[in-house]
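Below: one structure, written as structure tokens.
Here the structure is a predicted model, which is why all the values come from computation and not from measurement. Each chain gets a letter, A, B and so on, in the order the sequences are listed, and its residues count up from 1.
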Protein chains: 2
Amino acid sequence: MSFQEPRTRIQIKNHRAILDAALEVFSQLGFGAATLDQIAKQAGMSKPNLLYYFPSKEAIYLRLLSELLETWLDPLKEIDPAGDPHDEIRKYVRGKLSMSREYPRESRLFAHEIMQGAPHLLEKLQSDLRQMVDEKAAVIDAWIAQGKIAPLDAHHLIFSIWSMTQHYADFAVQVSAVLGPDRDAFAEAEAHLDAVFGRMLRV
Amino acid sequence: MSFQEPRTRIQIKNHRAILDAALEVFSQLGFGAATLDQIAKQAGMSKPNLLYYFPSKEAIYLRLLSELLETWLDPLKEIDPAGDPHDEIRKYVRGKLSMSREYPRESRLFAHEIMQGAPHLLEKLQSDLRQMVDEKAAVIDAWIAQGKIAPLDAHHLIFSIWSMTQHYADFAVQVSAVLGPDRDAFAEAEAHLDAVFGRMLRV
DNA sequence: GGCAGTTTTGTCCATTCGGTCAAGATTTTA
DNA sequence: TAAAATCTTGACCGAATGGACAAAACTGCC
């Protein structure tokens, strides 16, 4: 038996432990290379017990993905067409960078899924994500038409924000290898990205 | 028996076929999730035959990685301290974007390795890569000190170039899902990045 | 304290994994 | 053309994998 909705105290605790452990393992190895034994060990329980709460490895993965996509889109939704263009975009950049710092595992899980061709997510990307991006790109285009920010391709501007911010989560190992152990990558990144987007958007 | 250096015509052909097939499979699934059967099938030969040319799965992977790192660093090496700062940096950006377009599999292979903690590459990153980046960052800092380009953190500027260009290879599926099938992501990216770095570097 | 329901795990299973080996097929060489 | 060297593969191995199952341990309730 497995559970659509955890009810008892124990179920809630173990559900959380499993999803957290699975996030840890999947985000490092990707779906294919991760094993149930690793996840069970990380969650501090036996493999059969883990399968008492979730019907399969894929079910755990899908649960993580579906929870993730919403969280991932939230900062984009908050871009306010009525706000100050520079503030709104820089707020979005800061929000995405914060997510890379606070939720690097989620970022890497997402990156693994995309790099493998997004087998479980492609449809959502083509519908939900595309619609949201188109909508916000239209807002940016309107700001450009009003001369409030510099003329840039709105879709690619969004890609640039995604890539520069997620880089600090997905490639954290490389970043710290290059910067050395004494520099605070995220603190520096915040100042850097503030400067970069300030220059980029100024008319 | 396996071969340090392929000699005969057949060895050369099969070596190439195996490395190409392995690149295809590893770049999509990462090392752990890829299987020798998949690689052998992709290379059009039996698994034992594949293992006649390489001693192990890891040996194939390591060969790919070691060839890759040099290729990957080459464009950075070509930044010329004596050249025009704007030209040199924009040439580098264009070079990296071209590599994402022409060698997306190599880009994704590298990304997989880094995201898993760079188990086979960490030392090289901390020595070779770090040294090369420090060297070129010093060149950029000198340009900034001379007032030739805008004052930005040189290391993070390099990270920004890496992330924005590699994004079009590593997240190609997402990019095309968002842009739709009719837009040419790479052509647009070239114009976009030209505009972005033009604005970013202008004093 | 005892009973029903819940939670946990030891044991097992079929499949797939990376890799071996010996025998056969093919190519090269003399 | 025939021996020598190279190339190829079917059959196989032990280990690890995702998952099944039934028995045991634990929990909450009367």
Side-chain angles (χ1 to χ4, degrees), chain A residues 1-65 112 116 119-120, chain B residues 1-65 109 112-113 116 119-120:
Chain A
M1 188 194 318
S2 70
F3 307 91
Q4 284 295 88
E5 203 69 25
R7 298 165 195 292
T8 74
R9 185 173 35 87
I10 294 178
Q11 283 171 27
I12 291 170
K13 174 172 68 83
N14 283 344
H15 254 254
R16 272 207 261 270
I18 291 169
L19 288 174
D20 189 76
L23 178 58
E24 186 72 29
V25 175
F26 283 139
S27 68
Q28 208 197 328
L29 302 173
F31 177 77
T35 71
L36 286 179
D37 291 281
Q38 289 171 297
I39 297 171
K41 186 178 180 183
Q42 179 81 23
M45 68 184 68
S46 66
K47 184 170 61 171
N49 200 23
L50 187 151
L51 287 165
Y52 172 70
Y53 290 98
F54 287 89
S56 69
K57 179 184 173 184
E58 194 172 24
I60 304 174
Y61 184 71
L62 288 176
R63 169 65 77 89
L64 282 176
L65 271 191
H112 272 293
Q116 291 183 15
H120 304 91
Chain B
M1 189 197 315
S2 70
F3 307 92
Q4 285 295 91
E5 203 68 26
R7 297 165 197 292
T8 75
R9 184 173 39 88
I10 293 177
Q11 282 172 29
I12 291 170
K13 173 172 68 83
N14 283 344
H15 253 255
R16 273 206 260 269
I18 290 169
L19 288 174
D20 188 75
L23 178 58
E24 186 71 29
V25 176
F26 283 139
S27 69
Q28 208 197 329
L29 302 173
F31 177 77
T35 71
L36 286 180
D37 291 280
Q38 290 171 296
I39 297 171
K41 187 178 180 183
Q42 178 82 22
M45 68 183 69
S46 66
K47 183 169 62 171
N49 200 22
L50 188 151
L51 288 164
Y52 172 70
Y53 291 98
F54 286 89
S56 70
K57 179 185 174 184
E58 194 173 24
I60 303 174
Y61 184 71
L62 288 176
R63 169 65 76 90
L64 282 175
L65 271 191
L109 184 76
H112 272 294
E113 169 69 12
Q116 291 185 15
H120 304 90

Nearest-nucleotide pick for [X], side chain only, options being [options]:
X       : options               : value
B:Met45 : D:dA20, D:dT9, C:dT20 : D:dT9
B:Asn49 : D:dC21, D:dT8, D:dT6  : D:dT8
A:Lys57 : C:dG18, D:dC7, D:dG19 : D:dG19

How far apart are the closest heavy atoms of [X] and [Y], and which atoms are they?
X        : Y       : value
A:His112 : A:Gln28 : NE2-O, 3.4 Å
A:Asp37  : A:Lys47 : OD2-NZ, 3.6 Å
B:Ala43  : B:Ala17 : CB-O, 3.8 Å

Protein-nucleotide distance ([X], atom [atom1]; [N], atom [atom2]), rounded to Å:
X       : N      : atom1 : atom2 : result
A:Glu58 : D:dT17 : CD    : P     : 18 Å
A:Ile10 : D:dA25 : CD1   : C1'   : 12 Å
A:Ile60 : D:dG18 : CD1   : P     : 10 Å
A:Ile12 : C:dT6  : CD1   : P     : 15 Å
B:Ile18 : D:dC7  : CD1   : C1'   : 12 Å

**Message:** Whether the side chain of B:Lys47 and the base of C:dG18 hold a donor-acceptor pair under 3.5 Å is what I'd like checked.
**Reply:** yes
**Message:** Classify the ring geometry of A:His120 against A:Tyr61: parallel below 30°, tilted from 30° to 60°, perpendicular beyond 60°.
**Reply:**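 Geometry flag for A:Tyr61 against A:His120: perpendicular rings.
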**Prompt:** Parallel under 30°, tilted from 30 to 60°, perpendicular over 60°: which one fits the rings of B:His15 and B:Tyr53?
**Reply:** perpendicular
Ignoring backbone atoms, test whether [X] places a side-chain nitrogen or oxygen under 4.0 Å from the OP1 or OP2 oxygen of [N].
X       : N      : result
A:Tyr52 : C:dT8  : no
A:Asn14 : C:dT8  : yes
A:Gln11 : C:dT7  : yes
B:Arg9  : C:dT27 : no

**Message:** The test is side-chain contact (heavy atoms from CB on, under 4.5 Å); show your working for B:Phe26 and B:Gln38 and say whether it passes.
**Reply:** CA-CA 10 Å; B:Phe26 283 139; B:Gln38 290 171 296; over 6 Å; no
**Message:** For DNA chain C, which residues of residues 22-41 of chain B approach it to below 4.0 angstrom with any heavy atom?
**Reply:** B:Ala34, B:Thr35, B:Leu36, B:Asp37
**Asked** So B:Phe31 and B:Glu113, side-chain contact (heavy atoms from CB on, under 4.5 Å) or not? Walk me through it.
**Response** CA-CA 8 Å; B:Phe31 177 77; B:Glu113 169 69 12; 6.0 Å; no
